[in-house]
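Owing to the predicted nature of the structure, the values given are computational and were not obtained by experimental measurement.
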Amino acid sequence: MDELIYFVSLVVFFAISLRVLRALHIENKFEKMKLWEIKTAYFLVALIAGHILAELMVRISQLFTGYLS
């Protein structure tokens, strides 16, 4: 069950993080015409944020299942 919670949370939080990062317009901090680097930075930061938040969701679900048992 934890794997399912982790995977679903990872996908959802990755998508949310990527959308938020694009709204921040971080590309202004990079040199002009460095599209590959900008997209890679967006992807990596969103993946890291998604992983951290998905792990948090798994731990929260484990807390609730521990209380219910």
Side-chain angles (χ1 to χ4, degrees):
M1 185 66 176
D2 289 343
E3 293 85 9
L4 180 64
I5 293 170
Y6 175 80
F7 182 73
V8 171
S9 298
L10 179 66
V11 170
V12 169
F13 288 128
F14 173 77
I16 292 170
S17 299
L18 195 59
R19 188 160 186 125
V20 168
L21 285 171
R22 287 188 178 165
L24 292 176
H25 300 290
I26 299 175
E27 63 269 4
N28 297 336
K29 303 294 180 192
F30 289 88
E31 293 179 24
K32 301 262 187 228
M33 303 306 291
K34 298 284 186 172
L35 296 177
W36 185 85
E37 289 87 352
I38 294 168
K39 289 181 181 182
T40 303
Y42 278 150
F43 181 82
L44 290 176
V45 172
L47 187 62
I48 291 167
H51 168 71
I52 291 170
L53 293 170
E55 282 290 327
L56 181 67
M57 290 301 294
V58 168
R59 295 199 185 205
I60 289 171
S61 72
Q62 288 173 348
L63 277 174
F64 286 123
T65 57
Y67 284 127
L68 296 176
S69 301

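With sequence neighbours excluded, the residues that form a side chain to side chain contact (heavy atoms under 4.5 Å, CB included) with Ile38 are Glu27, Phe30, Tyr42. Contacts of Glu55 classified as side chain to side chain donor-acceptor pair (under 3.5 Å), with partners at least two apart in sequence or in another chain: none. Annotation: ring-ring contact (aromatic ring centres under 6.0 Å, His included) contacts of Phe14 (sequence neighbours excluded): Phe43.
Leu47 and Ile26 fall within a single hydrophobic cluster, where Ile, Leu, Val, Met, Phe, Trp and Tyr side chains are chained together by heavy-atom contacts under 4.5 Å. Linking ILVMFWY residues whenever their side-chain heavy atoms come closer than 4.5 Å, directly or via other members, places Leu18 and Leu24 in the same cluster. In terms of hydrophobic clustering, with Ile, Leu, Val, Met, Phe, Trp and Tyr side chains grouped at heavy-atom distances under 4.5 Å, Ile52 and Leu10 are assigned to different clusters. By the rule that hydrophobic residues join a cluster once side-chain heavy atoms approach within less than 4.5 Å of another member, Leu63 and Leu56 end up as members of separate clusters. When hydrophobic clusters are built by joining Ile, Leu, Val, Met, Phe, Trp and Tyr residues whose side-chain heavy atoms come closer than 4.5 Å, directly or via intermediates, Ile48 is not grouped with Phe13.
Minimum interatomic distance between Ser17 and Gly50 (heavy atoms only, all atoms of both residues): OG-N, 4.2 Å.
Under the side-chain contact (heavy atoms from CB on, under 4.5 Å) test applied with Val58, the options Ile5, Leu53, Leu4 reduce to a single match, Ile5.
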